[in-house]
Amino acid sequence: MKVFWAELSRDLLLAYRRKGDLLNPLLFFVMVLALFPLGVSPAPDFLSQLAPGVLWVAALLAALLSLDNLFKSDFEDGTLEQLLLSSESTYPIALAKALVHWLTTGLPLALLAPLLAVMLFLPSHAIPTLVVSLLIGTPTLSLIGAIASALTVGLKKGGVLISLLVIPLYIPVLIFGASAVQNATQHLPVQAYLAILGSMLALSIVLAPFAIAASLRVSVSS
Amino acid sequence: MKVFWAELSRDLLLAYRRKGDLLNPLLFFVMVLALFPLGVSPAPDFLSQLAPGVLWVAALLAALLSLDNLFKSDFEDGTLEQLLLSSESTYPIALAKALVHWLTTGLPLALLAPLLAVMLFLPSHAIPTLVVSLLIGTPTLSLIGAIASALTVGLKKGGVLISLLVIPLYIPVLIFGASAVQNATQHLPVQAYLAILGSMLALSIVLAPFAIAASLRVSVSS
Amino acid sequence: MAALLLNITDLYCERDDRVLFEDLSFTLNSGQILQLVGKNGSGKTSLLRILCGLYHAYEGSVKFLGHEIDEDRDSFHRSLTYIGHHVSVKAGLTTQENLRWYAKIHPQLDVQRIESALASVGLAGYEDVVCQNLSAGQKRRVNLARLFMLPSTAFANSLWILDEPFTAIDVQGVAELENKILEYSRAGGAVILTTHQALQISENVSQLNLDNWGT
Amino acid sequence: MAALLLNITDLYCERDDRVLFEDLSFTLNSGQILQLVGKNGSGKTSLLRILCGLYHAYEGSVKFLGHEIDEDRDSFHRSLTYIGHHVSVKAGLTTQENLRWYAKIHPQLDVQRIESALASVGLAGYEDVVCQNLSAGQKRRVNLARLFMLPSTAFANSLWILDEPFTAIDVQGVAELENKILEYSRAGGAVILTTHQALQISENVSQLNLDNWGT
Amino acid sequence: MVKKQFMPKWFYQLASPKWCYQISGTLLPYFLITALVLLTAGLVWGFAFAPQDYQQGNSFRIIYIHVPSAILAQSIYLTMAIAGGIGIIWKMKVADMVAYACAPIGASMAFIALLTGAIWGKPTWGSWWVWDARLTSMLILLFLYFGVMALYSAMEKPETAARSVAILALVGLVNIPIIKYSVDWWNTLHQPATFTLTEKPAMPVEMWLPLLVMVIGFYCFFASALMLRLRNEILNREKRAGWVKQLVSGQ
Ligand code: HEM
Ligand SMILES: Nc1ncnc2c1ncn2[C@@H]1O[C@H](COP(=O)(O)OP(=O)(O)OP(=O)(O)O)[C@@H](O)[C@H]1O
Ligand SMILES: Nc1ncnc2c1ncn2[C@@H]1O[C@H](COP(=O)(O)OP(=O)(O)OP(=O)(O)O)[C@@H](O)[C@H]1O
Ligand SMILES: [Mg+2]
Ligand SMILES: [Mg+2]
């Protein structure tokens with residue numbers, strides 16, 4: 001537990017030091033969403049049909065893009081090595097890393113989503129479902145993403161490779177998340193979808209940190 | 001000229017060494033496109049309406065994501081410093097860098113686009129316009145992107161910051177590119193749009209390398 | 001009296017089809033300082049990383065206090081301080097914050113000693129300077145400050161593995177560090193280090209030349 | 001006879017509100033070896049980067065052969081070889097490819113000499129090894145090989161700026177490098193270098209202690 | 001490290017590349033011949049003699065390639081993940097090599113399944129591609145293969161690459177049940193399973209028997225391809241071992 005807090009507070013402090021960077025995933029989210037009315041069509045009906053999927057796709061891409069730096073800087077300055085030489089277990093450290101990622105991307109995204117939903121003409125009764133689905137779904141994205149990030153940390157060209165590894169694993173989350181919002185726009189039940197998202201989250205909280213820790217060991221020992 | 005070829009051949013060699021990485025932007029492109037039918041709707045009519053915009057947005061994101069590494073590794077291992085200490089002019093070096101970026105992302109993307117256009121039910125008579133617009137538009141993306149990449153290379157968290165700098169500059173290209181394809185689907189004339197894309201390209205070939213070189217000097221000297 | 005800390009038997013390691021060492025066996029007792037010497041590329045860093053448990057592509061056995069290091073990793077790491085080629089200092093944090101984090105992930109380090117450790121490495125007054133703004137040598141000094149944070153009660157039967165610790169350190173800094181190493185070994189700690197410079201201290205020091213073990 | 005290569009007048013530089021040097025003036029003649037000394041953080045690296053034209057936050061004037069270095073950058077760079085803290089070697093390329101690239105962007109280097117330069121730094125046989133797979137010292141040796149690629153006809157009135165060139169290099173390597181520096185200076189080249197180790201050569205060597213110039 | 005005493009003897013032997021090389025050398029011809037015989041028989045039977053489908057006419061015959069390759073794509077992924085897992089847990093070199101050898105074969109199977117499906121989709125559903133759950137999850141499987149292969153090629157050393165890839169493959173395993181059950185969980189255009197353990201197939205015997213032959217043939221083909229690649233890889237990675245040098249110089 002102590003290492004969990006140590007890691008969490010260090011990484012949050014680092015994030016706070018570069019306050020500007022905290023805004024980046026958010027701004028990216030906003031911009032990707034802004035590309036659609038520009039690139040596709042500005043018609044409200046069309047956009048409102050598009051909204052559930054596009055909001056989720058943009059959230060996914062924003063989470064994806066910030067993965068690259070999750071372990072990279074620790075790897076490069078050698079602090080990752082030192083983490084793995086800690087006498088404490090690596091599980092809490094891995095969990096803390098994924099949590100920081102979520103706190104700095106998924107959470108603010110979910111909180112900002114209602115605003116953007118309005119801009120994309122998503123029916124307002126679907127907004128609570130949007131927020132809840134993002135709140136349950138994005139932590140899974142962070143956890144899975146952290147695995148891929150840990151796997152690729154030792155490699156030079158991480159950026160695009162991570163996307164490649166991660167997108168197939170993100171797709172189930174995307175499908176259930178977007179379907180939930182889609183159903184909500186049509187006043188259909190959403191509990192089943194949210195429950196599936198929840199169980200994915202539970203599963204990844206339990207298993208992902210092990211995979212993260214193991215991947216980190218491999219990446220460092222090469 | 002000699003440095004242009006030296007830089008070009010070095011970077012292409014490096015890209016070739018990691019052949020796998022050459023595929024990554026392409027695969028990313030494919031995957032982002034696959035997210036839309038999954039997240040938004042699989043209905044063919046709907047997709048075919050979406051296709052022009054989404055294809056361009058995906059190309060833009062693929063180009064964007066691979067920007068991060070354009071100068072980063074050179075900066076980190078100190079070879080960028082050495083480049084700037086060359087007695088040769090920096091213009092050809094900057095141009096070579098942008099060209100390599102295009103050869104490894106924009107070009108393959110444009111060549112692959114027809115296949116994806118079919119999967120997204122884009123009317124087949126619009127495909128030539130799609131390819132041509134991508135061929136003219138993506139080099140501009142690489143050139144503009146290289147400026148942003150040069151500006152942010154000294155900073156730790158480049159990834160998302162680059163997107164912020166670059167997306168506003170990419171939007172004109174996106175709008176004209178997507179509009180050209182949109183018009184083509186409706187059998188409307190597209191020459192005007194392509195001409196605008198062409199002049200943007202001409203302008204950025206002439207000016208961007210200066211901006212890139214200047215940005216690199218600033219980034220290195222801090 | 002001196003406990004047998006490390007027992008290395010029949011170590012074999014090759015990289016890139018070149019055998020770095022073969023049938024390498026040696027032991028390290030508490031209080032001993034072992035200096036690895038050898039040409040560039042002779043495998044010093046590789047050996048140190050193997051001993052830490054950071055590199056696994058080897059054959060043979062590495063025992064710490066009688067246990068294979070991979071089996072009883074946690075207790076081994078509790079006794080180990082490793083300083084590698086990397087600076088191992090987060091550029092965005094201040095010197096103090098860096099050391100505080102170290103103390104949390106390595107419970108054997110004493111948080112109380114941060115200030116005195118910084119002073120010992122000549123960085124008094126730099127407590128709140130972000131490490132980005134330090135010179136090459138100063139960054140390495142922050143990393144070395146960890147050695148000064150270990151309470152002397154934890155010296156006995158513990159191990160320091162130092163890969164070129166004197167890199168970028170000025171003359172006076174090197175002398176102080178060597179004294180610290182000597183003090184540590186006198187109190188029962190064992191040290192393995194590499195350096196291309198000659199050591200000024202000689203008490204308890206033995207050498208192992210890796211040039212003789214490979215092909 | 002010895003030409004005045006570098007003329008530094010009234011240099012002033014501060015970083016982080018600390019004055020590194022003030023009113024610093026000195027000259028460097030061809031054939032001279034100037035060793036910068038000073039504690040960690042005294043500003044050696046900062047000074048060298050200023051002299052190369054890589055760092056601009058200073059006041060004062062730096063003239064090479066009578067011209068401000070920023071004004072006639074290209075001809076200055078044609079006479080300059082800078083070896084900094086970085087390895088400056090692309091991990092994904094082989095040793096040979098790295099040097100070939102250097103020769104192209106720095107036309108004063110001679111492509112024909114790649115093999116002999118690699119041999120001179122003890123890397124004969126490593127021509128086709130990707131630099132990723134080299135040890136710390138070997139990577140630095142690849143970087144240093146550039147010094148051996150300069151044809152001796154280009155020695156006169158040219159300048160080497162070396163920031164801790166002996167880092168991670170083994171004893172024999174250091175001796176060879178010092179000889180190379182001496183040979184270079186005898187042929188009319190000028191060298192500014194920093195190192196925390198004592199130099200074995202003394203001919204043509206003078207020292208500048210930066211500890212005396214700041215506050 | 002390996003606790004060899006707890007393993008049955010064959011497991012221990014499998015761990016030895018040399019033994020593996022020899023045993024696969026003995027087995028390879030049998031598998032290769034069986035594969036050839038079954039595949040030719042199945043193809044001729046399926047394409048020339050099996051009855052026409054009353055709805056789809058002759059276009060249904062592509063089933064004899066489509067279904068086996070779809071099944072194989074999934075089985076191979078499973079094999080790869082399991083081999084990777086064994087490689088991690090018991091540090092078994094041969095298992096790593098098996099996983100490595102699997103990836104491209106599986107990817108090509110997935111690709112063939114997609115291609116034949118697309119060809120089949122045109123006459124039956126009227127479009128090359130629909131975004132249906134099973135089709136999509138198959139596409140994801142192909143992407144997973146690509147990810148695995150990209151990770152392999154991005155990493156320099158086969159030993160570490162093997163461990164990384166194994167982790168990735170194990171995580172990707174969640175996709176397999178999704179493909180398998182997607183037809184049951186979602187309403188889709190796509191056909192549900194023909195072969196189940198509990199029920200008789202809905203197709204007439206003359207139709208599914210050649211299919212069964214094809215499936216077994218594909219498995220044999222996979223086994224042969226796997227062994228070929230494995231043997232290559234063993235020689236490549238063990239090229240400094242005494243027995244390999246002997247073998248090479250002996251030839
Ligand atoms: C690109 C498009 C397609 C893909 C990716 C695809 C994928 C699959 C997969 C994954 C299986 C499962 C094999 C198993 O595990 O049991 C399968 C089986 C099957 N597919 Fe397709 N399919 C496609 C198109 C089609 C089309 C157009 C038809 C015909 C209408 C079709 C008919 C069948 C049949 C009859 C089976 C056998 C069912 C079974 O025995 O499980 N497929 N396909
Ligand atoms: N990037 C930076 N930003 C701000 N201040 C810096 C930076 N780099 C160094 N400094 C400050 O400038 C001073 C001089 O640093 P410099 O790197 O020139 O020292 P140095 O003499 O080369 O030291 P060393 O022997 O450790 O390499 C240091 O005290 C440091 O605090
Ligand atoms: N990442 C790597 N991949 C493959 N081979 C490597 C790698 N790092 C080092 N080697 C090889 O292993 C050998 C030993 O390297 P190592 O770093 O252990 O040497 P060293 O004794 O620490 O040298 P130095 O004094 O230069 O630090 C070198 O010859 C090098 O070629
Ligand atoms: Mg070393
Ligand atoms: Mg310095």
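To find a chain, count down the sequence lines: A is the first, B the second, and so on, and within it residues start at 1.
Across V87(D), L93(D), T81(D), the residue that shares the most heavy-atom pairs under 4.5 angstrom with chain B is L93(D). Highest contact tally toward chain D, considering only G78(B), S87(B), S89(B), is held by S87(B) [criterion: heavy-atom pairs under 4.5 Å]. In terms of heavy-atom pairs under 4.5 Å with chain B, the best-connected choice from H106(D), R100(D), K90(D) is K90(D). Counting heavy-atom pairs closer than 4.5 Å to chain B, the top residue among R146(D), Q108(D), H85(D) is R146(D).
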message = Applying side chain to side chain contact (heavy atoms under 4.5 Å, CB included) to R49(D) and V220(B), what does each step give before you reach the verdict?
response = CA-CA 10 Å; R49(D) 290 178 67 87; V220(B) 165; 4.0 Å; yes

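Only the side chain of Y102(D) comes within less than 4.5 Å of a heavy atom of chain B; its backbone N, CA, C and O stay farther away. Residue contact with chain B, scored on non-hydrogen atoms closer than 4.5 Å, involves the backbone and the side chain of I105(D) alike. Looking at T94(D), both its backbone and its side chain come within 4.5 Å of chain B, counting heavy atoms on both sides. The contact between R78(D) and chain B is made by backbone and side chain atoms together, counting heavy-atom distances below 4.5 Å.
The shortest heavy-atom contact between H86(D) and E76(B) is ND1-O, 3.4 Å.
Side chain of Q82(B) to backbone of Y82(D): a donor-acceptor contact under 3.5 angstrom is found.
Summarising the local packing, CD of E68(D) is surrounded by more than 12 heavy atoms from other residues, nucleotides or ligands at distances under 6.0 Å.
Between L83(B) atom CG and W101(D) atom CH2 the span is 4.0 Å, to the nearest 0.5 Å. The line from CG of L84(B) to CG of L54(D) is 7.0 Å long, rounded to the nearest 0.5 Å.
E88(B) and K104(D) are not joined by a salt bridge, as no carboxylate oxygen comes within less than 4.0 angstrom of a charged side-chain nitrogen.
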